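Chain letters run A, B, ... following the sequence lines, proteins first and then strands; every chain starts at 1. What you see is a predicted model, and the numbers here were worked out from it, not measured in a lab.
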Number of protein chains: 2
Amino acid sequence: MIDIETIDTLNQLNIDLQGDVSSPLGYIAGGFHAGLRRKKKDFGWIYSTTEATATGVYTLNRFKAAPLKITEDSINVNKTLQAIVVNSANANSCTGEKGMQDALDTQAWVAEHLNIEQQNVGVASTGVVGAFLPMDKIHYGTQHILKEEYNNSKFFNQAILTTDTATKHLSVQVEIDGKTVTVGGSAKGSGMIHPNMATMLGFITTDANIDEDTLDYCLKQATDQSFNMITVDGDTSTNDMVLCMANGQANNSKIDALHPEWHKFVYAFNFVSQYLAKSIAKDGEGATKLVTAKVTGAPNVKEAKKIAKSIVSSNLVKTAIHGEDANFGRIVNAIGYASQFVEPNETNVSFCQLPVLEQGIHLEFDEELLKERLTEDNIVIEASVGNGDGEAAAYGCDLSYEYVRINASYRT
Amino acid sequence: MIDIETIDTLNQLNIDLQGDVSSPLGYIAGGFHAGLRRKKKDFGWIYSTTEATATGVYTLNRFKAAPLKITEDSINVNKTLQAIVVNSANANSCTGEKGMQDALDTQAWVAEHLNIEQQNVGVASTGVVGAFLPMDKIHYGTQHILKEEYNNSKFFNQAILTTDTATKHLSVQVEIDGKTVTVGGSAKGSGMIHPNMATMLGFITTDANIDEDTLDYCLKQATDQSFNMITVDGDTSTNDMVLCMANGQANNSKIDALHPEWHKFVYAFNFVSQYLAKSIAKDGEGATKLVTAKVTGAPNVKEAKKIAKSIVSSNLVKTAIHGEDANFGRIVNAIGYASQFVEPNETNVSFCQLPVLEQGIHLEFDEELLKERLTEDNIVIEASVGNGDGEAAAYGCDLSYEYVRINASYRT
């Protein structure tokens with residue numbers, strides 16, 4: 001399990017570190033080995049016993065993989081889903097018309113097997129780019145969905161992984177209208193030994209009763225502060241996707257923008273999203289540390305995000321942290337090229353809680369103490385870059401030999 | 001010496017691989033050990049026997065180091081320089097008012113020693129960020145400028161280096177108005193063991209007689225196609241700068257935009273800039289290969305540049321090339337997230353001259369042949385991303401264990 005801080009600042013949540021997409025009422029998740037990988041589980045499913053309101057966010061990569069296109073189109077029919085299937089080992093990307101047909105066939109097989117509507121099936125793939133799906137194995141997989149012995153959400157959490165070193169999942173409960181509403185999530189991150197790229201897939205389920213536009217907005221704002229704020233190596237894959245289902249089985253009164261406890265749902269939803277996002281960052285390929293950059297004082301949130309991301313994306317910052325080196329100049333550097341709105345003379349930086357730069361000028365600091373703090377697993381960099389209101393946090397990891405080893409040699 | 005292709009496509013140049021900033025008429029360059037580094041040369045100069053027209057391009061990092069600000073302001077007084085001094089080991093960056101005064105003092109000492117005007121002295125520093133210059137050593141350095149035994153341009157080329165593994169220099173000659181005009185250059189790249197960041201410094205000298213605005217434009221357009229198109233790790237330092245001097249001693253008729261052979265000067269100037277830029281890319285920290293990405297078919301040059309840079313900047317592409325792995329999916333990926341104007345269905349990619357993607361669909365290719373070509377030192381990726389006229393090339397290097405080693409441990 002990945003050690004990520006879970007501080008419920010508003011003290012409103014019941015957090016289950018063992019929870020996942022199957023935790024909310026009415027969801028079954030499972031997975032098994034369909035033969036796409038040598039031995040590991042490679043095919044998984046999430047099923048809701050009732051039709052669920054659904055939404056998704058999709059990669060901005062211009063080369064969108066076939067399963068994303070099919071899933072996005074399907075969700076857009078009615079804003080509903082009832083099942084999601086995921087295969088690892090093959091991304092079904094750069095596969096042209098045949099890839100589209102393969103994704104559609106997969107969807108049709110699942111729909112038939114579960115006796116649900118085809119557009120209520122989401123399909124996701126992660127793995128090698130530029131190879132066709134082995135459709136015999138995919139077909140074999142679809143015929144095993146919901147088989148009793150494979151209906152175990154742990155199997156789902158495992159089946160979606162590639163080079164991740166650990167499963168990533170969580171659920172939280174919050175009271176809304178006196179009803180217990182659960183939000184659960186499972187994700188895979190940027191392990192790229194065998195697949196061609198840093199695919200991240202996220203799945204969030206809830207039993208909340210929620211309006212479709214509200215769910216859509218909820219996912220988008222959560223993604224902007226979580227999945228869009230992590231970086232392992234700055235590469236965005238053709239298959240990145242977060243899907244969300246809400247089946248209403250908690251029986252709360254429908255959540256919309258006017259619901260008096262809407263903020264509690266957002267809080268729970270964002271908590272799950274941020275936990276999953278940080279788990280992905282911390283389990284980046286070869287990573288040994290989670291790096292958090294918190295930026296304040298930017299003229300607006302957009303600039304704050306650019307600066308925070310610049311810090312956690314810098315190879316020089318990442319290698320310094322890997323080497324546990326108090327090299328704050330690289331942080332200043334990454335701030336300085338991120339945004340034209342940085343005010344050097346009003347910039348303060350602290351590194352592991354030690355002030356290292358004040359009003360643009362380096363400070364004397366206790367280098368031994370900083371080096372000691374750099375041996376910890378969670379490294380926090382704080383930067384105030386001016387007098388604006390813009391704030392943001394970004395999450396990343398260190399850059400290690402292991403990263404190079406994994407990515408230089410995975411196919412040989 | 002770094003092995004960079006020098007193909008004079010127009011067959012107009014006399015290329016001297018041993019040439020440098022001292023090759024044009026009227027320049028003396030030198031360097032010596034002033035004591036900032038343990039043993040290596042750390043203080044260098046370029047001197048023109050007559051006042052030269054001058055211009056510069058400066059980092060876009062918001063934290064501009066003191067020597068850049070002083071040099072930029074000085075050049076802007078009259079668009080002239082007569083001397084440039086450079087120290088390695090210390091960047092004089094994040095040093096506030098004291099840093100500015102130190103740069104001014106350096107400039108004044110040089111001016112007095114050489115009996116030239118203070119604003120005709122350019123100052124450049126590269127090294128650790130966040131430490132004050134050792135002014136006793138700098139003063140000692142300034143008193144040795146032009147001493148006979150140190151007046152050797154090889155010493156200059158060495159004194160400006162940090163973790164570079166080789167000096168970077170070239171000169172070319174071209175006939176203009178029947179006169180021989182020489183353009184010479186020396187540069188240092190992104191070796192960052194001791195300094196905090198990827199500082200690049202470039203110095204270009206010429207004996208051409210050229211109008212100041214024309215020289216300014218010439219440097220800007222050349223930089224856009226050379227120094228601005230290289231990446232080692234995407235980090236832009238507080239000290240990046242390219243300075244250019246033209247002392248007119250070739251006695252050609254003054255070059256301006258209407259000069260009938262202006263294009264020949266541009267050709268020579270760009271040749272030197274691109275050679276130096278590629279040398280920097282190839283000698284990036286831990287690099288073993290030069291990676292060139294050529295993009296065509298973009299809607300405009302700006303988008304073409306974004307895409308070309310995205311390819312050579314991707315850690316996944318860089319590690320694959322380090323591992324000599326035919327992993328073209330990562331290239332497609334880096335193209336796809338670089339620009340919204342990429343047309344997946346009209347995108348073709350070739351990797352070491354082998355087509356791997358056609359109209360967005362992966363091709364069968366001879367993987368053994370590609371692997372063999374990947375063992376070479378110069379790797380070329382070509383991508384056509386649509387039907388536009390935009391073309392660009394970007395230069396980078398592979399990402400190796402050595403990069404991580406250097407940057408994770410340089411201070412310990």
*Asks:* So which heavy atom on A:Phe63 is nearest to which on B:Val342, and how close?
*Replies:*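 Heavy-atom minimum between the residues: CE1-CG1, 3.8 Å.
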*Asks:* So which part of B:Leu357 gets closer than 4.5 Å to some heavy atom of chain A, the side chain, the backbone, both or neither?
*Replies:*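 Contact with chain A involves the side chain of B:Leu357 alone.
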*Asks:* Count the heavy atoms belonging to other residues, nucleotides or ligands that lie under 6.0 Å from CG of B:Leu369, then report whether that count exceeds 12.
*Replies:*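 Yes, enclosed.
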*Asks:* Examine whether an atom of A:Ala131 lies under 4.5 Å from a heavy atom of chain B, and if so say whether it belongs to the side chain, the backbone or both; otherwise answer neither.
*Replies:*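 The backbone, not the side chain.
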*Asks:* side-chain contact (heavy atoms from CB on, under 4.5 Å), that's the test. Do B:Arg62 and A:Phe341 meet it? Break it down for me.
*Replies:* CA-CA 8 Å; B:Arg62 290 285 291 163; A:Phe341 297 106; over 6 Å; no
*Asks:* Could you tell me which residues satisfy side chain to side chain contact (heavy atoms under 4.5 Å, CB included) with A:Ala320, sequence neighbours excluded, listed by chain and number?
*Replies:*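 With neighbours one apart ignored, the set is A:Asp325, A:Asn327, A:Arg330.
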*Asks:* For a quick test of reading the model, state the closest non-hydrogen atom pair linking B:Ile361 to A:Thr95 and the distance between them.
*Replies:*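 Minimum heavy-atom contact is CG2-C, 4.4 Å.
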*Asks:* With only heavy atoms counted, which part of B:Ser400 is less than 4.5 Å from chain A, the side chain, the backbone, both or neither?
*Replies:*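 Only the backbone of B:Ser400 comes within 4.5 Å of chain A.
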*Asks:* Relative to chain A, which segment of B:Ser310 carries a heavy atom at a distance below 4.5 Å: side chain, backbone, both, or neither?
*Replies:*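 For B:Ser310, there is no contact with chain A at all, as no heavy atom is under 4.5 Å.
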*Asks:* Below 4.5 Å, heavy-atom pairs only: which of A:Gln340, A:His322, A:Gln359 has the largest tally toward chain B?
*Replies:*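 Looking at each of A:Gln340, A:His322, A:Gln359 in turn, A:Gln340 comes out on top.
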*Asks:* If you count heavy-atom pairs under 4.5 Å between each of A:Cys94, A:Ala91, A:Gly360 and chain B, which one has the most?
*Replies:*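 Looking at each option in turn, the highest pair count goes to A:Cys94.
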*Asks:* Measure across B:Asn333 and A:Thr238 and return the closest heavy-atom pair with its distance rounded to 0.1 Å.
*Replies:*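 B:Asn333 and A:Thr238 have their closest heavy atoms at OD1-N, 3.5 Å.
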*Asks:* I need the A:Ile335 CD1 to B:Asn61 CG distance, nearest 0.5 Å.
*Replies:*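 Result: 9.5 Å between the selected atoms.
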